[in-house]
Amino acid sequence: MTPVLSPNTQAILLLTAPLIAGRGTASSDLLSPGEYKRLARHLREIQRQPADLLSPDAAEILRACQPVIDEGRLQTLLGRGFLLSQVIERWQARAIWVVSRADAEYPRRLKTRLREDAPAVLYGCGDMALLETGGLAVVGSRHVDDALIDYTMAIGRLAARAGRTLVSGGAKGIDQAAMRGALEAGGKVCGVLADSLEKTTMNREHRNLLLDGQLVLISPYDPSAGFNVGNAMQRNKLIYALADTSLVVSSDLNKGGTWTGAVEQLDKLKFVPVFIRSTGESSAGLDGLRKKGALPWPNPQDVDSFEDVFNVAMPTPTASPQVGFALFSNEEPTSADAKPTAPVPPDAAPAPQAASEPSAHVDVVSDAQPPARALEEPPPVTPEAVAPIDEAKESAQPESTPAEVLFAAVRAAIQQLLRTPMKDADVAAALDVSNAQAKAWLQRLVDEGVLEKQKKPAGYVVKQKRLFE
């Protein structure tokens, strides 16, 4: 990760970050997440990006932002350049990197799943590439007995043997047990911290693991920030968003961060399946989650049975037309952070990657443009899939329905993605749709004979391609 912060990230830090240097205190007039969201939208509407607020013609742009955020307040925040230089030097000395939503390096899973609610700025230490590997999220209570600690460490060790990343929150109790089990077995771990990132990264026990690429620690909060209950609650969604599936080892009923995060995942976000521990002494919390749709953990004992956990479908309807048409909903895109030049803003677009290139334009549209733009944007959705769509038209009726046109584009995009096997969660992330929607599309293509589902390596792959490779 380059130590040089992009101009966009510098501007976003000045506007939103406390910039705590040592024992210093945070500014009391920072933009809240809601205020920054409104400012990012406004900048996009006037064809600007955060970095422009630091440009020579910034005065004119600041005046244009007056209807959204007071011009004087923005000037005060943007005038903290010297303080920013101090904290950047401090972070670099500790190998702490910083990315913003406007950076190509920003974790794609967070930008795709959380959209505008993804943290504006993310701090971290370790190999960023681990944030794109998915894996198993393990969460649970802080105060548990030794039996549950041993149980959770065994889960971490099994994830390591299976080559699956372990994602957790770094809190004492279940989180740390899962992470320790995976790390001691040589596995990869993503820790999503709610506080004390700087202190944790300087811990001698973690330092070599961070430098060797076995561990990455991230936080949406200042590296020097202390514990805050609200922050701990808010970071839960990041844990689920980075994973492919999840396990709740223990939970209180109707209270606590573990319960709140799991319920939010079951009732609202629905990024991944939620499993609950099914052996040993049960609890009111786990029973409550089961009633809300959580699945009993199948207690895999070897790598093959552990891999089966990642093929479990979400326990939610998978054929809802509303989910499919969310591609053109009226939500705001995460790319509001960057200049909205057509078709994809360079500072907001994910880094070009050969494997995901065919879906690059799909990401823009499915990031939920405003209604007027949604009608303008669909033509470039699949510019690289023109030939496959034309082939589909040969057998289609002259007057195709909107649903048929949409699925033809989806079919072409998925065919290009699945030249090599991919899991449904990876397809969902690449196409920027829910896991449930991706599963529905993949199953339909399996039924059509376009795809097949294989076990080793686990995933979906284009059937015809495999015959000729």
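For R101 and E116, the salt-bridge test fails: no basic side-chain N is under 4.0 Å from an acidic carboxylate O. Salt-bridge check for D304 with K455: failed, with every basic side-chain N at 4.0 Å or more from each acidic carboxylate O. The existence of a salt bridge linking K423 and D244 is excluded, since no basic side-chain nitrogen approaches an acidic carboxylate oxygen closer than 4.0 Å. With respect to the salt-bridge test (charged N to carboxylate O, under 4.0 angstrom), the residues E198 and R94 qualify. Ion pair E307/R164 flagged as a salt bridge, since at least one NZ, NE, NH1 or NH2 atom sits closer than 4.0 Å to an Asp/Glu carboxylate oxygen. A salt bridge is absent between R108 and E132: the closest approach of a Lys/Arg side-chain nitrogen to an acidic carboxylate oxygen does not fall below 4.0 angstrom.
Of all non-hydrogen atoms in L110 and A118, the two that sit nearest each other are O-CB, 3.7 Å. Minimum interatomic distance between T200 and H206 (heavy atoms only, all atoms of both residues): O-ND1, 3.1 Å. Between V312 and P273 the shortest heavy-atom distance is O-CG, 3.6 Å. Closest non-hydrogen pair, N311 versus K453, comes out as O-NZ, 4.0 Å. What you find for G257 and N236 is that their closest heavy atoms are O-ND2, 2.9 Å. The heavy-atom pair separating L130 from G213 by the smallest distance is CD1-O, 3.6 Å.
Looking only at side-chain heavy atoms (C-beta outward), I88 and L5 come within less than 4.5 Å of each other. Between P220 and L238 the shortest side-chain heavy-atom distance falls below 4.5 Å. Residues Y36 and L30 are not in side-chain contact: their nearest non-hydrogen atoms beyond the backbone lie 4.5 Å or more apart. Looking only at side-chain heavy atoms (C-beta outward), K172 and H143 come within less than 4.5 Å of each other. Counting heavy atoms from C-beta on, the side chains of R235 and S219 never come closer than 4.5 Å. Between I414 and Y460, the closest side-chain pair of non-hydrogen atoms is not below 4.5 Å. Counting heavy atoms from C-beta on, the side chains of K237 and R113 never come closer than 4.5 Å. Residues E452 and V461 form a side-chain contact, since some pair of their non-hydrogen atoms from C-beta on lies under 4.5 Å apart.
S196 places no side-chain N or O within 3.5 Å of a backbone atom of K199 that could act as its donor or acceptor partner. A side-chain donor-acceptor contact under 3.5 Å links D222 to the backbone of I20. Looking only at distances, no side-chain donor or acceptor of T112 sits under 3.5 Å from a matching main-chain atom of R109. Remark: side-chain polar atoms of D175 are not paired, donor with acceptor, to backbone N or O of S168 under 3.5 angstrom. Side-chain N or O atoms of D103 include none that pairs as donor or acceptor with a backbone N or O of Y106 at under 3.5 Å. Not a single donor-acceptor pair under 3.5 Å links the side chain of Q214 to the backbone N or O of K188. A donor-acceptor pair is defined here as one N or O able to donate and one able to accept, closer than 3.5 Å; no such pair exists between the side chain of S100 and the backbone of I12.
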Verdict with supporting geometry, V144 and V249, side-chain contact (heavy atoms from CB on, under 4.5 Å): CA-CA 10 Å; V144 293; V249 175; over 6 Å; no

Check against side-chain contact (heavy atoms from CB on, under 4.5 Å), M422 and L417: CA-CA 8 Å; M422 290 178 66; L417 275 177; 4.2 Å; yes

Steps toward side-chain contact (heavy atoms from CB on, under 4.5 Å) verdict (V121, V98): CA-CA 7 Å; V121 173; V98 189; 3.5 Å; yes

V139/I174 under side-chain contact (heavy atoms from CB on, under 4.5 Å): CA gap, chis, key distance, verdict: CA-CA 6 Å; V139 296; I174 295 301; 5.9 Å; no

Candidate pair Q49 and N8, rule side chain to side chain donor-acceptor pair (under 3.5 Å), full reasoning: CA-CA 7 Å; Q49 54 187 335; N8 272 317; 3.2 Å; yes

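Atom CH2 of W259 and atom CG of D252 lie 10.0 Å apart (nearest 0.5 Å). Summarising the geometry, atom OG belonging to S283 is positioned 9.0 Å from atom CG belonging to L148; distances are rounded to the nearest 0.5 Å. Here the CZ-CZ distance, from R290 to R277, works out to 10.0 Å after rounding to the nearest 0.5 Å. In this structure, the separation between NZ on K291 and CG on L266 is 14.5 Å, given to the nearest 0.5 Å. Note that CG of L158 and CE of M153 are 13.5 Å apart. Values are rounded to the nearest 0.5 Å. The CD atom of Q234 lies 10.0 Å from the OG1 atom of T260; values are rounded to the nearest 0.5 Å.
Residues S305 and D308 bring no donor and acceptor atom of their side chains to less than 3.5 Å of each other. Side chains of T258 and S251: a donor-acceptor N/O pair is absent below 3.5 angstrom, by distance only.
Residues that satisfy the ring pair (Phe, Tyr, Trp, His ring centres under 6.0 Å) test with Y151, not counting sequence neighbours, are absent from this structure. For Y123, the ring pair (Phe, Tyr, Trp, His ring centres under 6.0 Å) test picks out W91, with sequence neighbours left out.
In this structure, R444 is positioned above the aromatic face of F407, its NZ or CZ under 6.0 Å from the six-membered ring centre and within 45° of the axis.
Sorted by first and then second residue, the ring-ring contact (aromatic ring centres under 6.0 Å, His included) pairs with a member in residues 267-295 read F275-W297; sequence neighbours excluded.
Within 6.0 Å of the CG atom in D146, the count of heavy atoms belonging to other residues, nucleotides or ligands does not exceed 12. Counting heavy atoms of neighbouring residues, nucleotides and ligands inside a 6.0 Å radius, atom CD of E448 exceeds 12 of them.
When each of V189, L131, L209, V192 is checked for a side-chain contact (heavy atoms from CB on, under 4.5 Å) with V216, only L131 meets the rule.
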